[in-house]
Structure formats: structure tokens, C-alpha cells
K.L.:
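I'd like to ask some things about the structure below.
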Amino acid sequence: AELYAVGSDGRLRATLRLAGIQARDWEGMAAGRDDGGRPALFVGDIGDNQSLWPEVSVYRVTEPERLGDATVTARRFRLRYPDGPRDAEALLVDPASNRLYVASKELAGGGLYRAPARLRSDRVNLLRRVAEVPPAVTDGAFAPDGRGFVLRDYQSAYVYAAPGRRLGTFELP
């Protein structure tokens with residue numbers, strides 16, 4: 001289980017190894033904050049191609065103050081979908097609220113799931129389905145101001161003002 005910092009020149013700048021963590025099917029990563037308000041990375045072990053896992057995990061790592069190779073401690077948050085196991089590749093964190101979202105990847109159309117406002121590491125966090133999303137969503141991200149987000153699949157990007165409020169769609173190159 002490793003995270004890589006890559007510079008704008010494409011060169012590897014640092015490797016962060018997550019102590020004691022086994023990566024099962026990591027799919028998404030998003031920037032957010034830890035409980036102290038420091039910059040943090042959320043890594044989603046949310047892939048489940050066969051939709052078999054009763055729960056998935058997201059790990060939060062506080063970004064180091066100085067960039068360099070290191071072994072870091074991650075905090076694990078277990079998540080469960082209310083409507084059964086799902087495959088997902090898109091993990092988003094709202095920069096305004098620091099709330100986590102997962103968009104499922106389903107051929108007939110998926111769902112956008114919102115995590116509780118305060119994630120708990122001592123028990124399973126139940127996700128809540130808040131909107132429908134296009135089929136086969138592979139990634140997503142919030143705008144830096146939190147006023148909207150984008151989801152993408154293999155061919156298109158979908159721009160939203162809020163869950164369920166799509167503003168537009170455009171083809172990807």
C-alpha cells in the first residue's frame with residue numbers, strides 16, 4: 001500500500017508507505033482535511049468488480065509537512081452501502097464540508113453515495129444514496145470551492161452543481 005508524489009515534470013518525488021495496510025482494490029483518491037484541519041489524502045479501497053464485499057474501506061493519511069519517502073499511519077474508515085455491495089472507482093471529498101462521496105460504477109447507471117458528516121473509525125459508516133449517476137463512472141472531483149463537481153466515464157464528463165443537478169455533459173478527447 002503506497003502513495004506516490006509526482007512532480008509537474010513527471011518525476012517521482014516521494015513514496016509514502018501506509019503502515020500495516022494491505023491494498024485490495026484501490027480505485028480513488030481525493031484531497032481533504034484530517035480532524036485537526038491539516039491537509040490529508042483519502043484513498044478508497046472501493047473497487048469490487050463482482051460486488052461481493054459487504055463493506056469497503058477508505059484510508060485517511062495526513063500529508064507530511066516535508067515531502068520525502070516515509071512510512072505513515074493511516075486511519076481506516078469502513079463503509080457500507082445501504083442497498084448492498086457495489087463496485088466503485090470514484091471517490092470525492094467536498095472541500096467546503098470535508099464530506100466524503102462515492103459514485104458507484106454500474107452498467108445500468110450507478111448511484112452517488114454520501115458518507116456521514118463525521119466518519120467513525122470504531123464502527124461501520126453507513127453511506128446514503130443521494131442521487132443517480134451515469135453508467136460506468138470511473139472518476140470524479142469537486143471544484144476547489146466546493147460549488148460543484150465532475151464525474152467521468154470512459155467517453156464523457158458530467159458537470160454537477162449539486163447531487164442530482166447536472167449542468168451539462170461534454171465528450172472527452
Side-chain angles (χ1 to χ4, degrees), residues 1-4 16-32 34 40-61 73-95 97-143 146 148-172:
E2 298 177 336
L3 302 177
Y4 303 101
L16 297 180
R17 289 172 185 76
L18 279 61
I21 305 297
Q22 291 291 327
R24 180 177 64 193
D25 191 356
W26 285 18
E27 293 287 357
M29 184 167 63
D34 67 10
L41 297 174
F42 289 81
V43 183
D45 200 352
I46 56 176
D48 183 2
N49 292 331
Q50 305 304 314
S51 298
L52 298 173
W53 302 104
E55 61 186 54
V56 294
S57 297
V58 171
Y59 298 94
R60 187 182 68 204
V61 176
T73 302
R75 188 163 179 195
R76 179 181 181 212
F77 301 102
R78 295 176 300 143
L79 308 174
R80 182 176 297 139
Y81 297 96
D83 45 2
R86 297 281 182 264
D87 184 28
E89 294 184 7
L91 176 71
L92 301 86
V93 174
D94 183 338
S97 66
N98 206 44
R99 196 166 208 170
L100 187 134
Y101 290 82
V102 177
S104 65
K105 179 184 178 187
E106 300 171 59
L107 295 179
L112 183 66
Y113 295 85
R114 183 176 63 207
R118 180 169 162 74
L119 291 173
R120 302 272 308 257
S121 59
D122 61 339
R123 66 178 188 209
V124 175
N125 296 273
L126 185 62
L127 297 168
R128 180 171 173 241
R129 190 178 181 121
V130 294
E132 302 295 316
V133 299
V137 169
T138 60
D139 204 359
F142 268 89
F149 61 93
V150 174
L151 298 175
R152 66 158 294 164
D153 60 20
Y154 295 105
Q155 299 167 350
S156 301
Y158 307 88
V159 181
Y160 292 84
R165 278 196 44 218
R166 189 185 308 173
L167 297 176
T169 303
F170 61 92
E171 296 297 311
L172 298 173

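Atom set for the values below is all heavy atoms of this structure, side chains included, hydrogens, waters and symmetry mates excluded.
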K.L.:
Within the 4.5 Å heavy-atom criterion, are Pro135 and Asp153 side-chain neighbours or not?
P.N.:
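Answer no - side chains too far apart.
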K.L.:
Nearest 0.5 Å please: distance from the CG atom of Asp34 over to the CZ atom of Arg75.
P.N.:
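The distance works out to 9.5 Å.
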K.L.:
Determine whether a donor-acceptor pair (N or O, by modelled atom type, separation under 3.5 Å) exists between the side chain of Ser104 and the backbone of Gly111.
P.N.:
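Side chain of Ser104 to backbone of Gly111: a pair is present.
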K.L.:
Ignoring hydrogens and angles, tell me if any N or O in the side chain of Asn125 forms a donor-acceptor pair with the backbone of Arg78 under 3.5 Å.
P.N.:
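Yes, Asn125 side chain to Arg78 backbone: donor-acceptor pair under 3.5 Å.
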K.L.:
Do the non-hydrogen side-chain atoms of Arg24 and Ser57 ever get within less than 4.5 Å of each other?
P.N.:
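In short, these two side chains do not touch, never coming nearer than 4.5 Å.
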K.L.:
Keeping to residues at least two apart or across chains, list the salt bridge (charged side-chain N to carboxylate O under 4.0 Å, His left out) pairs with something in residues 80-92.
P.N.:
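Residue pairs with at least one partner in residues 80-92: Glu55-Arg80, Asp83-Arg86, Asp83-Arg129, Arg86-Glu106, Glu89-Lys105.
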K.L.:
Using side chain to side chain contact (heavy atoms under 4.5 Å, CB included) as the criterion, list what pairs up with Ala19, not counting sequence neighbours.
P.N.:
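Thr71.
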K.L.:
Can you pull the salt bridge (charged side-chain N to carboxylate O under 4.0 Å, His left out) pairs that have at least one residue in residues 110-121, sequence neighbours excluded?
P.N.:
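Checked against salt bridge (charged side-chain N to carboxylate O under 4.0 Å, His left out) - neighbours excluded - the pairs reaching residues 110-121 are Arg120-Asp122.
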K.L.:
So, the side chain of Arg99 versus the backbone of Ala115: is there a donor-acceptor pair under 3.5 Å, distance only?
P.N.:
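Answer holds: yes.
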K.L.:
Which atoms form the tightest heavy-atom contact between Pro163 and Val130, and what is the distance?
P.N.:
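For Pro163 versus Val130, the nearest heavy atoms are CB-CG2, 4.0 Å.
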K.L.:
So does Val58 get a backbone contact from the side chain of Asp45, meaning a donor-acceptor N/O pair under 3.5 Å?
P.N.:
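Here the side-chain-to-backbone pair does not exist.
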K.L.:
Only one of Phe149, Tyr113, Phe42, Phe142 passes ring pair (Phe, Tyr, Trp, His ring centres under 6.0 Å) with Tyr101; say which it is.
P.N.:
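With Tyr101 as partner, Phe149, Tyr113, Phe42, Phe142 yield a single ring pair (Phe, Tyr, Trp, His ring centres under 6.0 Å), made by Phe142.
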K.L.:
Verify the neighbour count for atom CG of Leu52: are there more than 12 heavy atoms of other residues, nucleotides or ligands below 6.0 Å?
P.N.:
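For Leu52, atom CG is crowded (more than 12 foreign heavy atoms under 6.0 Å).
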